[in-house]
S.K.: 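Before I ask anything, here is the structure I am working with.
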There are 2 protein chains.
Amino acid sequence: MEPTQTVEDYVRAIYQLQEGAEDVSTSALAEVMKVAPATVTSMLKKLDQLGYAVYTPYQGVSLTESGRRLALNIVRRHRLVELYLVQALEIPWDRVHEEAHRWEHVISDEVLAKMDEVLGHPERDPHGAPIPGENGSLPATSTVRLSALRSGQRAVVAEVADNVPEMLRYIGNLGLYPDVAIEIIAVAPFDGLVTVRVGERQHIIGQRIARSIFVKDIISTEE
Amino acid sequence: MEPTQTVEDYVRAIYQLQEGAEDVSTSALAEVMKVAPATVTSMLKKLDQLGYAVYTPYQGVSLTESGRRLALNIVRRHRLVELYLVQALEIPWDRVHEEAHRWEHVISDEVLAKMDEVLGHPERDPHGAPIPGENGSLPATSTVRLSALRSGQRAVVAEVADNVPEMLRYIGNLGLYPDVAIEIIAVAPFDGLVTVRVGERQHIIGQRIARSIFVKDIISTEE
DNA sequence: ATTATAATTTAGAGTATTATAACAAAGATG
DNA sequence: CATCTTTGTTATAATACTCTAAATTATAAT
C-alpha cells in the first residue's frame, strides 16, 4: 500500500516536469532521476499499475488524480523541511535541497505538523516556491522572469529556481532573495546583460541568472 | 563504500545486544530486527565481509573496531535526534524512538552538528541514555535498577529503558523522568511492589517497571 | 553415549530497483 | 515517401534484502 521512496520520487519528478498539461517524456525523467531510460520505462509501467499515472508507450506519462495528490504531499514535505532547515537550523539555502530530499520520505505527519506550526504555517519555501496545503491547495502568484523586465522597472523577487545549488549560492551572494525589492538600471543589447540594483548595490547579471529569477509587483517608473 | 541503511541497522542492533562482551546470537538479532533467522545468517556473512563484525557460524557475532565505530556513530545520531525532537519540536518522549530510527540514516553531518549546537552539546538523550561523542566517547555513570533500592532510600532517576513505548508513556505519567528525585517509601514482600514518592505524589509500581528504571545518587536516610 | 529438542544454516526463490544491449517506433530530412 | 536519427522499449541480468522449507549443528536429557 505504502508507496516506496522510489515511487514517491518518480511521482514528484513527473509532477514537477508536468508544468501545466503536457505529457512527460521518458528521457526527461531519466535525466532528472539520474537513471537509464530503460529504468524509467519499467517504472512507468509500475506507476500506471499502482494508479498514480497514465502511461502510454512512446507517448509519455501524466499523473492521475491520486498521483497528483501524492506529488503535492511530497512537495509539501520537501518545502516545509527546506524552510525548517533554513529557519530553525540556519542551514544555507543552497544546501537544503539535498537534505530535504532525504527527509521528505522519512518524516511522520506528526512531526511535519509540528514543524508547520513552529514555522507559523508558511506559504513559501526559502526559494519562494509555494508550499502546498494539507488539502493540496497551492498559493498562487503571477510572476515574470527577471529577464523579461525593461530598464527602469522596479519589482520584488518572488522566486528563485533551486535546481542548481551553485547558482543559488551565487544569487544569494547578490542579495537576491524572495521579497527583496530590485530596480532594473539597464539592459544591454545582444547579450542581454541586466544591471540590477539591490538595495545600495548594483550587479550585472547574465541571461542564465536573469531567467532563473522570478519577480512580482512590477512598477514601471517613467522618469 | 557507504554502508546501507540495513547494514547500519544490523550493526547498531549487534552493538546494543552486545552489552559487555558476549557474542550475539542469530535468534536475538532476528527478534530485534523483526526478520527471519535465515535472513540474519546471510546478513552476518555480509557484515563479516565488510569488516564490521566477526562471524563464526553457530557461535554468534561480535563487532570489530570498525563496526563499533559505526555503531557508536549511529547511536549518536539516534540519541541526538531523539533529544532534538523532544526539545525543539515537543514530541512526547514515548514517540521519538521510531522517528529517530528513520532520521538517523538520513541526516547529514552538517545538520547533525547544528542540532548538537542548538542543544548545547548534550550528554544524554530524553531517556537518560548517554550520547556518544563524535570521537566515540561515552559519558559513563554508575546506575542501579530502582528495583534494587530498599525502603527509606532516596535517589535520582538516571535512565529509563526505552524499548517499549507504552511503558515509557506510563512511566512518564508517573513523573519519573531523568534527574527527578525520588524516595522509596516501602517495598512489599513477595511481589516486590515498590511505593515511591515523586515530588508530592506517591505511586506503587511493580517489578517490571522498577527494573526498567535506573537510578543514581543513592542516599540511605536512616530515620 | 545416544537421543530428543532447539538453534542455526543452506538452498532456492521472490520483490524492488537498477543497468546494458538489441530492437522498434516516431519524427525529421532530403 | 524512403531513409536517417532520435527516442523509447524489450530482454536479460545484477544487487540488496527478504522469505520458506529442508538440512545441519549444538545443547540438554535420559
Side-chain angles (χ1 to χ4, degrees), chain A residues 1-15 17-19 22-63 66-67 70-71 74 98 101-102 104-106, chain B residues 1-14 17-19 22-63 66-67 70-71 74 101-102 104-106:
Chain A
M1 285 287 99
E2 283 284 286
T4 66
Q5 248 182 243
T6 314
V7 167
E8 289 187 351
D9 277 343
Y10 276 89
V11 169
R12 208 262 306 309
I14 294 170
Y15 174 79
L17 287 172
Q18 204 151 6
E19 282 279 328
E22 321 100 56
D23 278 15
V24 174
S25 73
T26 301
S27 49
L29 264 174
E31 170 149 9
V32 308
M33 295 298 295
K34 294 178 199 308
V35 134
T39 307
V40 173
T41 301
S42 52
M43 208 59 198
L44 294 186
K45 286 184 196 162
K46 168 176 269 187
L47 294 183
D48 189 298
Q49 281 265 296
L50 293 171
Y52 292 126
V54 176
Y55 164 60
T56 321
Y58 296 104
Q59 303 301 307
V61 248
S62 60
L63 293 182
S66 152
L70 179 58
I74 298 158
E98 257 201 306
H101 181 58
R102 279 175 278 120
E104 70 195 16
H105 304 293
V106 142
Chain B
M1 284 285 100
E2 284 284 284
T4 65
Q5 250 182 242
T6 314
V7 166
E8 288 187 351
D9 277 344
Y10 276 89
V11 169
R12 208 258 311 304
I14 294 169
L17 286 172
Q18 204 152 6
E19 283 278 327
E22 319 101 55
D23 278 12
V24 175
S25 73
T26 300
S27 49
L29 264 173
E31 170 148 9
V32 308
M33 295 298 295
K34 297 181 197 306
V35 135
T39 307
V40 173
T41 301
S42 51
M43 208 58 199
L44 294 186
K45 286 182 194 162
K46 167 175 269 187
L47 294 183
D48 189 296
Q49 280 265 295
L50 292 172
Y52 292 125
V54 176
Y55 164 59
T56 321
Y58 296 104
Q59 302 302 306
V61 247
S62 60
L63 292 182
S66 152
L70 179 58
I74 298 159
H101 181 57
R102 280 176 279 121
E104 70 196 15
H105 303 294
V106 141

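Order of the sequence lines fixes the chain letters, A, B, ..., with proteins taken first and strands second; residue numbering starts at 1 for each chain.
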S.K.: Relative to the 5' end of DNA chain C, which residue comes earlier, A/Met43 or B/Gly60, by the nucleotide with the nearest heavy atom?
M.R.: B/Gly60
S.K.: Got a list of side-chain donor-acceptor pairs under 3.5 Å for residues 2-9 of chain B, not counting sequence neighbours?
M.R.:
unit_1	atom_1	unit_2	atom_2	d
B/Thr4	OG1	B/Val7	N	3.1
B/Glu8	OE1	B/His105	ND1	2.6
B/Asp9	OD1	B/His105	NE2	2.8

S.K.: Determine the minimum heavy-atom distance between A/Ala30 and A/Ala36, stating which atoms define it.
M.R.: CB-C, 4.2 Å
S.K.: State the pairing partner of C/dT29; accept Watson-Crick or G-U wobble contacts with both distances under 3.5 Å, and report none otherwise.
M.R.: D/dA2
S.K.: Which pairs, with at least one residue in residues 26-42 of chain A and sequence neighbours excluded, count as a side-chain hydrogen bond (donor to acceptor under 3.5 Å, both in side chains)?
M.R.: A/Ser25-A/Ser27
S.K.: Can you sort out which residues in residues 25-41 of chain A have a heavy atom within less than 4.0 Å of DNA chain C? Ascending by number, please.
M.R.: A/Val35, A/Ala36, A/Ala38, A/Thr39
S.K.: Given A/Leu47 and A/Val61, is the side-chain contact (heavy atoms from CB on, under 4.5 Å) satisfied, shown in steps?
M.R.: CA-CA 9 Å; A/Leu47 294 183; A/Val61 248; 5.9 Å; no
S.K.: Hey, could you give me the CG/CD1 distance between A/Leu44 and A/Ile14, rounded to the nearest 0.5 Å?
M.R.: 5.5 Å
S.K.: Would you please name every residue forming a side-chain contact (heavy atoms from CB on, under 4.5 Å) with B/Ala38, sequence neighbours left out?
M.R.: none
S.K.: Mind running a 4.0 Å heavy-atom check of residues 2-11 of chain A against DNA chain C and sending the residues that fall below it, in number order?
M.R.: A/Thr4, A/Thr6, A/Tyr10
S.K.: Using a strict heavy-atom distance below 4.0 Å, which residues from residues 46-53 of chain A are in contact with DNA chain D?
M.R.: none
S.K.: Report yes if at least one side-chain N or O of A/Tyr58 is closer than 4.0 Å to OP1 or OP2 of D/dT10; otherwise report no.
M.R.: no
S.K.: Show which side-chain atoms of residues 49-57 of chain A pair as donor or acceptor with protein atoms under 3.5 Å away, not counting sequence neighbours.
M.R.:
none

S.K.: Considering only heavy atoms of chain B and a distance under 4.0 Å, specify the first and last nucleotide of DNA chain C in 5' to 3' order that meet this criterion.
M.R.: C/dT8 to C/dT10
S.K.: Locate the shortest heavy-atom distance separating B/Ser62 from B/Asp23; write the atom from each residue and the value.
M.R.: CB-OD1, 3.5 Å
S.K.: Mind listing the closest non-hydrogen atom pair of A/Ala13 and A/Met33 along with its distance?
M.R.: CB-SD, 3.8 Å
S.K.: Working to the nearest 0.5 angstrom, can you tell me the gap between B/Met43 CE and B/Asp48 CG?
M.R.: 12.5 Å
S.K.: List the steps, then state whether side-chain contact (heavy atoms from CB on, under 4.5 Å) holds for A/Val40 with A/Tyr10.
M.R.: CA-CA 9 Å; A/Val40 173; A/Tyr10 276 89; 4.3 Å; yes
S.K.: How close do A/Glu22 and A/Gln18 get, heavy atom to heavy atom, and via which atoms?
M.R.: O-CG, 3.6 Å
